Visitor: 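Sending over a structure as structure tokens; questions will come in a sec.
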Amino acid sequence: MEFYEAYADYKSMMNFTEGVIRHAAREALGKETFTYQGRELDLSKPFHRLTIVQAVMKHCPQYTEAQLNDEAWLREELTKRKVDIPKMAGLGGLQLMFFEETAEAQLWEPTFIVDYPAEVSPLARRSDKNPEIAERFELFIVGREIANGFSELNDPEDQAERFLAQVAAKEAGDEEAMYYDADFIHALEFGLPPTGGCGIGIDRLIMLVTDSPAIRDVILFPQMRSID
């Protein structure tokens, strides 16, 4: 489920998304605190908001801020964990991979991970304070990504440069990198107001409110579910 708002940004999208998730629980269950897979989940409290580094340090306190900002250290640790590191991965990409390996699964309470590295956020607007990060968030609940949103990038020249960087990353072996989208660039050249956008994984949200352990239990037309 995707939604957009003109003259909004990623912060207002976070506020709206938090409200949607909480409202869905009230409508489905009549309450904001319930049990998911035998463990309490409380949606009534304000959702946490952490950067990638802050999340790792909170849930894996054995790591220091200095280590998490050391590109060589991150490469070594990820290699030890047998993670396939794209050749063009920079510090931000390495931090994201390390977060996914260590802290992501521990985000049981609703948590917005904010200020993603611009290098892994090709459609998000860069921060005015720090061009190395993007105005982007992902929402995690019970260790799963539930939503992804950002301030939309509306500068066609910047977007074209980001796409070219993605093409180079894909050619270097990054399977998750995007292709160059000429039609999208052409559309941006006609103009796009400042805009916030977000996508919520509706299947994963339904998993929460129905206490379902697997996504195949909630999708409407599953191809992998047993016919018994």
Side-chain angles (χ1 to χ4, degrees), residues 1-61 96 99-116 120-121 123-125 133-152 176 194-226 228:
M1 177 177 68
E2 295 188 8
F3 47 91
Y4 302 85
E5 180 183 353
Y7 304 103
D9 62 10
Y10 78 123
K11 292 181 180 179
S12 55
M13 287 294 99
M14 280 192 283
N15 294 336
F16 187 80
T17 300
E18 182 171 338
V20 167
I21 301 294
R22 192 174 289 125
H23 180 76
R26 285 199 305 266
E27 289 294 305
L29 304 171
K31 53 188 176 182
E32 298 172 1
T33 301
F34 52 94
T35 299
Y36 178 74
Q37 297 298 293
R39 183 174 173 182
E40 184 178 86
L41 177 62
D42 186 357
L43 302 182
S44 67
K45 299 180 294 186
F47 293 4
H48 301 292
R49 300 188 182 191
L50 302 170
T51 66
I52 289 172
V53 170
Q54 289 170 344
V56 174
M57 292 177 63
K58 176 179 179 179
H59 294 280
C60 306
L96 177 58
F99 160 78
E100 293 172 342
E101 285 290 311
T102 58
E104 179 177 319
Q106 301 188 57
L107 301 179
W108 183 269
E109 297 181 351
T111 304
F112 287 109
I113 300 299
V114 301
D115 298 340
Y116 269 67
V120 296
S121 310
L123 300 175
R125 184 181 185 277
I133 63 174
E135 295 185 348
R136 176 188 172 193
F137 67 85
E138 286 188 324
L139 172 63
F140 294 86
I141 306 177
V142 302
R144 299 192 192 103
E145 179 193 341
I146 299 294
N148 177 31
F150 39 81
S151 302
E152 300 286 335
E176 296 186 4
T195 301
C198 180
I200 295 177
I202 191 69
D203 295 330
R204 295 187 179 190
L205 178 57
I206 294 174
M207 286 173 64
L208 286 180
V209 298
T210 59
D211 196 17
S212 299
I215 197 166
R216 67 175 176 271
D217 296 329
V218 300
I219 56 179
L220 291 176
F221 303 103
Q223 298 183 25
M224 299 296 291
R225 184 188 295 174
S226 172
D228 295 339

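Because the structure is a prediction, the values reported are computed rather than measured. What's counted below: heavy atoms across the whole structure, side chains too, no hydrogens, waters or symmetry copies.
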Visitor: Closest approach of Q106 and H59, non-hydrogen atoms and distance?
Guide: OE1-O, 3.3 Å
Visitor: What residues form a side-chain contact (heavy atoms from CB on, under 4.5 Å) with I146, not counting sequence neighbours?
Guide: I21, L139, I141, I200, R204, L208
Visitor: I'd like to check the side-chain contact (heavy atoms from CB on, under 4.5 Å) partners of S44; sequence neighbours left out, ordered by chain and number.
Guide: E32, T33, D42
Visitor: State the CD1-CZ distance between I113 and F140, to the nearest 0.5 angstrom.
Guide: 6.0 Å
Visitor: Kindly compute the distance separating OG (S151) from CE (M13), expressed to the nearest 0.5 Å.
Guide: 9.0 Å
Visitor: Would you say the rings of Y116 and Y10 are close, in the sense that their centroids are separated by under 6.0 Å?
Guide: no
Visitor: For the residue pair F16 and F3, is the inter-centroid distance of their aromatic rings smaller than 6.0 Å?
Guide: yes
Visitor: Is the backbone of S12 close enough, under 3.5 Å, to the side chain of D9 for a donor and an acceptor to pair up by distance?
Guide: yes
Visitor: What's the separation between atom CZ in R49 and atom CD in Q54, rounded to the nearest 0.5 Å?
Guide: 13.0 Å
Visitor: Nearest 0.5 Å, please: how far is CG in L29 from OG1 in T210?
Guide: 9.0 Å
Visitor: Closer than 3.5 angstrom, by distance alone: can the side chain of D211 be matched with the main-chain N or O of Q37 as a donor-acceptor pair?
Guide: yes
Visitor: Any side-chain heavy atom of D203 sitting closer than 4.5 Å to one from M207?
Guide: no
Visitor: Closest approach of G197 and Y4, non-hydrogen atoms and distance?
Guide: CA-CD2, 3.6 Å
Visitor: Looking at V114 and M14, what are the two nearest heavy atoms and their distance?
Guide: CG1-SD, 3.6 Å
Visitor: Under 30°, 30 to 60°, or over 60°: which ring-plane class applies to F137 and F112, parallel, tilted or perpendicular?
Guide: perpendicular
Visitor: Nearest 0.5 Å, please: how far is OG1 in T17 from CD in E138?
Guide: 12.0 Å
Visitor: Taking all non-hydrogen atoms of both residues into account, name the closest pair between Y36 and S212 and its distance.
Guide: OH-O, 2.6 Å
Visitor: Hey, are the side chains of E135 and F150 touching, using non-hydrogen atoms and a 4.5 Å cut-off?
Guide: no
Visitor: Would you compute the distance between atom OG1 of T51 and atom CG of D115 and round it to the nearest 0.5 angstrom?
Guide: 7.0 Å
Visitor: Quick check: closest heavy atoms across S121 and R136, and the distance to 0.1 Å?
Guide: OG-NH1, 3.0 Å
Visitor: What residues form a side-chain contact (heavy atoms from CB on, under 4.5 Å) with A24, not counting sequence neighbours?
Guide: L205
Visitor: Taking all heavy atoms of T195 and all of A6, pick out the closest pair and write down the distance.
Guide: OG1-CA, 4.1 Å
